[in-house]
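If you read the sequence from its start, that first residue is 1, and numbering goes on from there. Every number for a ligand or one of its atoms is a count from 1 in the order of the listing.
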Amino acid sequence: MRPITIIQLYPRDMNLYGDWGNTLVLKKRLEWRGHAVNIIDHNPGEATDFSLGDIFVGGGGQDAGQIAIQDDLLSRAAELKKLADDGVPMLMICGMYQLFGAFFTTKSGQKITGANILPIETKAGENRLIGNITLQSETFGEIVGYENHSGLTLLHDNATPLGRVIRGAGNDSDGKYEGVHYNNVIATYLHGPLLPKNPQIADFLIDTALKRRGITDRQKPLDDTYAEQARIIAKKRPR
Ligand code: GLN
């Protein structure tokens with residue numbers, strides 16, 4: 001059988017605060033359950049066949065990194081939108097979360113046009129929003145992570161947030177909601193990386209990918225004791 005393929009979007013420019021760890025978690029959890037995994041890096045200018053992707057992952061980046069990938073992202077936006085609309089699972093963190101929306105305007109006033117897959121738009125705020133953050137999500141329960149962004153993200157009326165902020169800033173400085181959950185796309189500001197401390201989200205992405213490949217067997221439960229301990233410690237850390 002063809003391996004389960006994870007496409008990592010723009011790792012050269014968009015991979016901050018350990019975001020590549022999300023891909024590693026997906027790979028390990030799939031392998032522990034007996035699935036072969038293939039990781040494909042996609043960087044600007046490469047002719048990656050996106051139809052091979054079972055899961056797409058994107059990380060955070062400096063404003064300069066976001067500018068560097070903009071042209072390539074726009075040239076592949078229609079393909080990515082079709083895949084997202086078809087239900088392909090994707091995890092987009094921070095800088096890539098912003099660029100899956102309509103646009104991100106940087107502090108210097110430069111407007112970076114996004115792929116327009118998510119019904120959101122982002123403008124840089126006056127202060128960076130940095131610190132440990134906890135959310136409560138209807139789908140995923142408690143989510144623990146770390147945010148570091150200047151962008152303030154406005155959700156359009158038809159957007160569903162990923163969760164309600166328990167502690168932290170979230171999408172904008174009012175601290176009410178964080179991230180977006182659109183179809184099977186999870187988009188969030190949470191670094192850390194996100195998945196080691198939130199295996200329930202990793203398994204959502206994995207289960208969705210496997211189902212799309214016709215694998216409906218119940219997946220072996222994994223021992224998440226360390227993840228649980230990491231969550232407890234992260235929640236005790238000062239903001
Ligand atoms: N450059 C963007 C911002 O500051 C994204 C930052 C990030 O990915 N950490 O909002």
- Message: Just by distance, no angles: are the side chains of His149 and Gln98 close enough, under 3.5 Å, to form a donor-acceptor pair?
- Response: no
- Message: Within ligand 1, which atoms have a heavy atom of Arg128 less than 4.0 Å away?
- Response: 4 (O)
- Task: Report the nearest protein non-hydrogen atom to atom 1 (N) of ligand 1: residue, atom name, distance rounded to 0.1 Å.
- Result: Asp63 OD1, 2.5 Å
- Any donor-acceptor N or O pair under 3.5 Å, side chains Asp19, His191: yes
- Message: Check this for me, if you would: do Glu79 and Arg76 make a salt bridge, where the nitrogen-to-carboxylate-oxygen distance has to be below 4.0 angstrom?
- Response: yes
- Can you figure out which of Gly59, Gly60, Gly61, Gly125 has its heavy atom closest to atom 6 (C) of ligand 1? Gly61
- Enumerated ligand 1 atoms positioned under 4.0 Å from heavy atoms of Tyr17: 9 (N)
- So, Asn171 versus Tyr97: side-chain donor-acceptor pair below 3.5 Å or not? yes
- Message: Students should be able to answer this: which protein heavy-atom is nearest to atom 7 (C) of ligand 1, and at what distance?
- Response: Cys94 SG, 2.7 Å
- Side chain or backbone of Leu16 under 4.0 Å from ligand 1, or both, or neither, by non-hydrogen atoms? side chain
- Message: Quiz question: by atom type and distance under 3.5 Å, do the side chains of Arg2 and Asn38 form a donor-acceptor pair?
- Response: no
- Message: Show me which atoms of ligand 1 lie under 4.0 Å from any heavy atom of Gly151.
- Response: 3 (C), 10 (O)
- Which one of Arg29, Gln219, Lys27 satisfies the side-chain hydrogen bond (donor to acceptor under 3.5 Å, both in side chains) criterion with His35? Gln219
- For Asn148, is at least one N or O under 3.5 Å away from an N or O on ligand 1? yes
- Query: Ring centroid separation for Tyr182 and Phe100, is it under 6.0 angstrom?
  - Reply: no
- Query: Taking only heavy atoms of His191, which atoms of ligand 1 are found under 4.0 Å from at least one of them?
  - Reply: 9 (N)
- Using only heavy-atom distances, determine whether the side chains of Asp72 and Tyr10 contain a donor-acceptor pair under 3.5 Å. yes
- Task: Heavy-atom distances under 4.0 Å are what count here, so tell me which part of Met14 touches ligand 1: side chain, backbone, both or neither.
- Result: neither
- Residue pair Thr188 / Glu178, side-chain donor-acceptor N/O under 3.5 Å: yes
- Sub-4.0 Å atoms of ligand 1 with respect to non-hydrogen atoms of Gln66: 1 (N), 2 (C), 5 (C)
- How far is atom 3 (C) of ligand 1 from its nearest protein heavy atom, and which residue and atom name does that atom have? Ser150 N, 3.5 Å
- Query: For ligand 1, is any non-hydrogen atom under 4.0 Å from Tyr189's backbone (N, CA, C, O), its side chain (CB onward), both, or neither?
  - Reply: neither
